[in-house]
Amino acid sequence: MTSITELGVAAIRDGVKAGSFSAREAAQAYIGAVEAGRPLNAFVVETPEHALAAADAADADRAAGTLKPLSGVPLGIKDLFCTKGVQTTAGSRILEGYKPVYESTVSGNLFAAGAGMLGKLNMDEFAMGSSNETSAYGNVLSPWRRNDGGNVALTPGGSSGGSASAVAARLAPGVTGTDTGGSIRQPAAFTGITGIKPTYGRCSRWGIVAFASSLDQAGPMARDVRDCAILLEAMAGFDPKDATSLDLPVPNWEAALSSDIRGKRIGIPKEYRIDGVPAEIDAVWEQGIARMRDAGAEIVEVSLPHTKYALPAYYIIAPAEASSNLARYDGVRYGLRVQPEQGGLNDMYEATRAAGFGAEVKRRIMIGTYVLSAGFYDAYFNQAQKVRALIARDFDAVFQDVDLLLTPTAPSAAFGLGEKLADPIAMYLNDVFAVPASLAGLPAISVPAGLDGQGLPLGLQLIGRALDEQSVLNAALAFEERAGFTHRAEAWW
Ligand code: GLN
């Protein structure tokens, strides 16, 4: 029999159901992989007892004929999701030791569907970053290496870097991620896996540590499109505890999966052809366009004229919301408290926040408070909000004519650790193709598309109309079937 860690979400679910192996065997196989994968630093907390308890429940459910949609599937959970009684740090020192007394809606939905938890996944601090280097718990390593024999340590992307690395290295069949401005899609692209950010409001934000509330969305990352559809179906759903949750039924995305995309109109936004992007990315994009045409889609050049303002608008809006959301970490209610020997309450706040937040988080708080300050609110925050509306309007206009958009996911392949850390602007540029869909709240997926000259994965992004995850998944499936991407990182850990 193939090793169970070769099996993804659907295959484990089906194998447990068919009795090919027990849920306990599946959990044990993945617990072993998590242990063996420690050099990658993908997990900050391991919870084998949680995975085994869920597995035993799944085996009992099988005997009783009451299997659930994810019975027997062990998952990794990004450390941004509050997990009851299990340390949740959001990658930050300030939350070290924090054990929530409640479960996030999304992780709770997954567990209610029968899934178990292998552990909590490392991430950029408060999900701010594109390389996982801002984590207070050390960077995650990508399982991938360049083919030049140089063994340079590469980033798995961020902020869901632990999530991406765990899936790519076969430490978990599937994981949760969150995406505020690309944090599911960019790490998926960097590690040769698939990840979808659904329409804003599909997944409840309740119990997800807040970064930028008008942008934050949870979504799955897994080895293929079907596994993402299965996980998203379990994660999504209306939640009265989140005021922005959409009160809509969750479609049966898996059941309706179809790679027949004949007649679909796919737009190619000309503003996504930007200078300085490696030729290999253009080549993979061109090849992707040809594949979609091959699948019977009609390819149309379209224009999203405000695209170039998306990144600057994002890096005003996201820090503004973050500066407000992060005000709650004051040393009183959660995690770290640093009480200076001299001084009162304000000194305690200052000392706690100075010691508890890393450099990137401090930068965002400073930018955020600046753009929200009385003198600059109109010039920056208000202006960015107007730009955001124009970007959403651009999408509305093109979606009158086309069903989907196809673009690169990120402007480069995975880079080496340390290469961009000293230059925040270079780091922010990673998100150039990801943030427009975030600002407009649209569903978007990244699928592995090919390798660059250094043997590293490149991804393509499909963006759909609001609430039309089905078309996004279907087109991604059509692409996946034609791309036949079977490359994977060779185990060195
Ligand atoms: N890299 C982007 C940022 O740093 C996006 C992060 C995210 O989506 N959580 O803000």
Side-chain angles (χ1 to χ4, degrees), residues 78-81 89-92 106 121-135 139-140 155-164 175-190 195-198 200 203 205 208-221 310-326 357-368 371 384 388 409-412 414-415 420-421 423-446 459 461 463:
K78 184 177 181 179
D79 208 23
L80 202 61
F81 293 80
T89 66
S92 184
V106 162
L121 292 156
N122 202 348
M123 52 177 286
D124 279 302
E125 186 175 8
F126 286 106
M128 298 170 190
S130 304
S131 66
N132 221 108
E133 292 168 288
T134 73
S135 170
N139 59 268
V140 176
T155 173
S159 64
S160 312
S163 303
V175 297
T176 63
T178 64
D179 192 312
T180 300
S183 279
I184 287 176
R185 292 162 283 158
Q186 181 255 23
F190 276 17
I196 180 166
K197 177 195 92 71
Y200 181 80
C203 288
R205 288 181 295 107
I208 301 176
V209 175
F211 165 11
S213 305
S214 76
L215 296 155
D216 298 343
Q217 256 304 284
M221 300 161 77
L311 199 63
Y314 172 86
Y315 276 99
I316 289 171
I317 293 167
E321 294 187 20
S323 70
S324 164
N325 275 326
L326 270 56
F357 290 138
E360 182 61 27
V361 172
K362 288 176 183 160
R363 177 163 27 240
R364 304 275 179 124
I365 293 172
M366 284 192 281
I367 295 171
V371 300
R388 182 177 188 174
T409 306
S412 74
F415 46 89
K420 299 194 178 174
L421 201 55
D423 182 354
I425 304 289
M427 194 66 94
Y428 298 170
L429 278 173
N430 266 284
D431 310 321
V432 64
F433 299 139
V435 294
S438 297
L439 289 168
L442 301 174
I445 197 168
S446 178
Q461 168 176 242
I463 307 171

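One-based numbering, in listed order, for ligands and for the atoms of each. Small disclaimer: the values here were computed from a predicted structure and weren't measured.
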Residues which pass salt bridge (Lys or Arg N to Asp or Glu O under 4.0 Å) with Asp124, listed by chain and number, not counting sequence neighbours: none

Aromatic plane relationship, Phe357 with Phe126 - under 30° parallel, 30 to 60° tilted, over 60° perpendicular: perpendicular

With Asp179, the salt bridge (Lys or Arg N to Asp or Glu O under 4.0 Å) member among Lys197, Arg185, Arg205: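 Going through the options one by one, the only one that passes is Arg185.
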
Residues in side chain to side chain donor-acceptor pair (under 3.5 Å) contact with Asn430, at least two apart in sequence or another chain: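 Here the qualifying residues are Gln186.
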
Main-chain N/O of Ser213 paired to Glu321 side chain as donor or acceptor, under 3.5 Å: yes

Within the protein, residues bringing a heavy atom under 4.0 Å of ligand 1, chain by chain: Ala127, Met128, Gly129, Ser130, Ser159, Asp179, Thr180, Gly181, Gly182, Ser183, Phe211, Tyr314, Tyr315, Arg364, Asp431

Sequence-distant partners of Arg388, salt bridge (Lys or Arg N to Asp or Glu O under 4.0 Å), two or more places apart: none

